[in-house]
Amino acid sequence: QVQLVESGGGLVQPGGSLRLSCAASGTIFSIDVMGWYRQAPGIQRELVASITSDGSSDSADSVKGRFTISRDNAKNTVYLQMNSLKPDDTAVYYCNAVIRKSRGGFRYNYWGQGTQVTVSS
């Protein structure tokens with residue numbers, strides 16, 4: 001079984017910073033894509049940022065220039081550095097990973113349980 005565990009959420013003032021971490025564990029051959037989604041009350045879940053196995057990354061327009069996604073393949077971990085946080089960034093942030101359990105095997109989509117990020121003065 002594969003488990004994704006997020007950490008790093010919390011309460012921060014506008015303009016502050018947080019770094020989210022997500023570590024994958026279990027039967028893993030490779031992680032093709034890792035990403036972060038977020039969902040606020042009454043708002044559809046949206047993709048915040050993603051990063052592929054070759055290091056290519058992308059992010060939503062709303063966070064470009066403020067958030068940076070990175071990954072440590074040796075640790076099966078993805079990070080989201082969030083700077084210049086705004087109240088609109090308040091949401092539950094979910095880690096997502098597309099994982100192969102064996103060479104040439106199926107690609108499975110896994111989700112973490114989410115971590116709360118609250119930006120408030």
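Reckoned from all heavy atoms, side chains included, excluding hydrogens, waters and symmetry mates. Because the structure is predicted, anything quoted here is derived from the model rather than measured. Heads up: numbering here begins at 1 and tracks the sequence.
Scanning all heavy atoms of the two residues, the minimum distance from Cys22 to Leu4 falls at SG-CB, 3.9 Å. Minimum heavy-atom separation, Gln116 to Val92: OE1-CG2, 3.2 Å. The shortest non-hydrogen separation linking Cys95 to Val78 is SG-CG1, 3.9 Å.
Note that CD1 of Ile69 and OG of Ser50 are 6.0 Å apart. Values are rounded to the nearest 0.5 Å. A distance of 5.5 Å separates CD of Gln1 from NZ of Lys101, quoted to the nearest 0.5 Å. Atom CE of Met34 and atom OG of Ser53 lie 12.0 Å apart (nearest 0.5 Å). One distance of note links CD1 of Ile51 with CD1 of Ile31; it measures 11.5 Å at 0.5 Å rounding. Distance check, rounded to the nearest 0.5 Å: CD1 of Ile28 to CZ of Arg100 gives 13.5 Å. With values rounded to the nearest 0.5 angstrom, Met82 atom CE is found 11.5 Å from Thr68 atom OG1.
Evaluated for a side-chain contact (heavy atoms from CB on, under 4.5 Å) with Pro14, the options Ser120, Ser121, Ser84 yield exactly one hit, Ser121.
With Tyr79 as the aromatic partner, Arg71 does not meet the cation-pi criteria of under 6.0 angstrom to the ring centre and within 45 degrees of the ring axis.
Proximity of the aromatic rings of Trp36 and Phe67 is defined here by a centroid distance below 6.0 angstrom, and this criterion is not met.
Relative ring orientation between Tyr108 and Phe106 is described as perpendicular, the plane-to-plane angle rising above 60° on a 0-90° scale split at 30° and 60°.
Val63 and Leu80 fall within a single hydrophobic cluster, where Ile, Leu, Val, Met, Phe, Trp and Tyr side chains are chained together by heavy-atom contacts under 4.5 Å. In the hydrophobic clustering of this structure, Trp111 groups with Leu47; members are Ile, Leu, Val, Met, Phe, Trp, Tyr whose side-chain heavy atoms approach within less than 4.5 Å, directly or through other members.
Using a 4.5 Å heavy-atom cutoff, the side chains of Val117 and Leu20 are in contact. When side chains are defined from C-beta on, Asp32 does not count as touching Ile99, because their heavy atoms never get closer than 4.5 Å. Residues Thr118 and Val12 form no side-chain contact, since every pair of their non-hydrogen atoms from C-beta on lies 4.5 Å or further apart.
The number of heavy atoms from other shown groups lying within 6.0 Å of CD (Gln113) does not exceed 12.
Side chain of Glu6 to backbone of Gly114: a donor-acceptor contact under 3.5 angstrom is found. Without hydrogens or angle criteria, Thr90 side chain to Val119 main chain gives a donor-acceptor distance under 3.5 Å. The backbone N or O of Ala23 lies less than 3.5 Å from no partner atom in the side chain of Lys75, so there is not a single donor-acceptor pair. A donor-acceptor pair under 3.5 Å is formed between the side chain of Thr52 and the backbone N or O of Ser56.
With 3.5 Å as the limit, one finds a donor-acceptor pair spanning the side chains of Tyr93 and Arg38. The closest side-chain donor-acceptor pair between Ser17 and Asn83 falls under 3.5 angstrom.
Remark: Lys86 does not engage Asp89 in a salt bridge, criterion side-chain N to carboxylate O under 4.0 Å.
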